[in-house]
Enquirer: 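I have a structure here, written as structure tokens, and I will follow up with some questions on it.
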Amino acid sequence: QVHLVESGGGSVQAGESLRLSCRAFGGTFGAYSLAWFRQAPGKEREFVAVISGSGSWTDYTPSAKGRFAISSDNTKRTMYLQMNSLSSDDTAVYYCAGRKSLAASRAPSAYDYWGQGTQVTVSS
């Protein structure tokens with residue numbers, strides 16, 4: 001069983017940056033792919049970014065490309081999401097998710113483990 005814990009959310013002004021962290025407890029870090037999803041009020045949960053188990057491959061939703069960077073540190077069992085040039089459209093609860101596969105996926109249904117979420121609020 002894998003337990004995921006997010007941190008790093010907060011309230012910022014448009015144009016500022018935040019770095020989210022997702023610490024994994026249990027399981028073999030690197031044996032599963034990890035992703036970030038977000039959910040704004042009244043909207044469905046949407047894919048943001050994913051990193052393969054090896055860390056060698058990443059994918060982003062179009063609105064995140066060039067602004068967000070996903071990375072992982074096996075020694076710390078932690079995944080990160082560096083978010084730059086934030087806008088009010090990025091306001092949401094951000095969730096970390098893990099999939100029992102080295103292959104990445106954009107579909108929430110493909111993920112087996114979820115964190116509790118961390119709130120990101122961007123004021124314009």
Side-chain angles (χ1 to χ4, degrees):
Q1 186 70 14
V2 175
H3 183 53
L4 302 173
V5 179
E6 303 99 332
S7 61
S11 296
V12 297
Q13 297 291 317
E16 294 184 341
S17 300
L18 275 176
R19 188 176 81 157
L20 305 183
S21 298
C22 172
R23 175 79 191 273
F25 298 88
T28 302
F29 195 87
Y32 42 88
S33 55
L34 291 167
W36 290 98
F37 290 81
R38 66 186 180 187
Q39 189 166 18
K43 295 188 177 181
E44 293 187 354
R45 191 167 298 190
E46 66 172 356
F47 167 79
V48 177
V50 62
I51 187 165
S52 62
S54 66
S56 61
W57 187 82
T58 59
D59 187 28
Y60 298 88
T61 192
S63 64
K65 275 185 180 177
R67 298 190 303 128
F68 295 3
I70 190 171
S71 61
S72 62
D73 185 334
N74 282 17
T75 62
K76 297 182 178 179
R77 299 178 59 87
T78 301
M79 174 181 66
Y80 303 97
L81 185 68
Q82 177 66 42
M83 304 187 294
N84 301 323
S85 302
L86 286 163
S87 73
S88 56
D89 290 340
D90 297 313
T91 295
V93 176
Y94 283 71
Y95 296 91
C96 168
R99 181 176 187 225
K100 290 185 289 186
S101 169
L102 295 178
S105 174
R106 293 186 172 199
S109 60
Y111 288 81
D112 305 289
Y113 312 110
W114 291 87
Q116 81 287 354
T118 185
Q119 177 70 47
V120 172
T121 302
V122 184
S123 301
S124 57

Enquirer: Should we count CD of Glu44 as having more than 12 external heavy atoms under 6.0 Å?
Expert: no
Enquirer: Looking only at atom types and distance, does a side-chain atom of Ser56 sit under 3.5 Å from a main-chain N or O of Ser54, one as donor and one as acceptor?
Expert: no
Enquirer: For Asp90 and Ser85, work out which heavy atoms get closest and say how close.
Expert: OD2-O, 4.4 Å
Enquirer: Quick one: does any side-chain atom of Arg106 pair with a main-chain N or O of Phe47 as donor and acceptor, under 3.5 Å?
Expert: no
Enquirer: Give me the atom names and distance for the closest heavy-atom approach of Val93 to Gly117.
Expert: CG1-CA, 3.8 Å
Enquirer: Report the distance from atom CD of Gln1 to atom OH of Tyr113, rounding to the nearest 0.5 Å.
Expert: 5.5 Å
Enquirer: Quick one: does NZ or CZ of Arg19 land under 6.0 Å from the six-membered ring centre of Tyr80, within 45 degrees of the ring axis?
Expert: yes
Enquirer: Kindly indicate, with the supporting measurements, whether the criterion side-chain contact (heavy atoms from CB on, under 4.5 Å) is fulfilled by Met83 and Arg67.
Expert: CA-CA 6 Å; Met83 304 187 294; Arg67 298 190 303 128; over 6 Å; no
Enquirer: Could you grab the distance from atom CZ of Arg77 to atom CZ of Phe25, nearest 0.5 Å is fine?
Expert: 8.5 Å
Enquirer: Does the Ser88 side chain pair with the main chain of Ser124, one donor and one acceptor, at a distance under 3.5 Å?
Expert: no
Enquirer: Output the distance between atom CG (Leu81) and atom OG1 (Thr118), rounded to the nearest 0.5 Å.
Expert: 11.0 Å
Enquirer: Using atom types as modelled and distance alone, determine if a side-chain donor or acceptor of Tyr95 lies under 3.5 Å from a backbone N or O of Gln39.
Expert: no
Enquirer: Out of curiosity, Tyr32 OH to Asp112 CG, how far, rounded to the nearest 0.5 Å?
Expert: 11.0 Å
Enquirer: Under the 3.5 angstrom rule, does the side chain of Ser52 hit a backbone N or O of Ser33 as a donor-acceptor pair?
Expert: no
Enquirer: How long is the gap from CG on Asn74 to OG1 on Thr28, to the nearest 0.5 Å?
Expert: 10.5 Å
Enquirer: What heavy-atom pair brings Met79 and Trp36 nearest, and what distance separates the two atoms?
Expert: CE-NE1, 3.2 Å
Enquirer: So, Tyr111 side chain and Cys96 main chain: donor-acceptor pair closer than 3.5 Å or not?
Expert: no
Enquirer: With side chains defined as the heavy atoms from C-beta onward, is the minimum distance between Thr61 and Phe68 less than 4.5 Å?
Expert: no
Enquirer: Can a donor-acceptor pair be found between the side chains of Arg38 and Tyr94 at a distance below 3.5 Å?
Expert: yes
Enquirer: With a 3.5 Å distance limit and no angle check, can you tell me whether Glu16 reaches the backbone of Leu86 through a side-chain donor-acceptor pair?
Expert: no
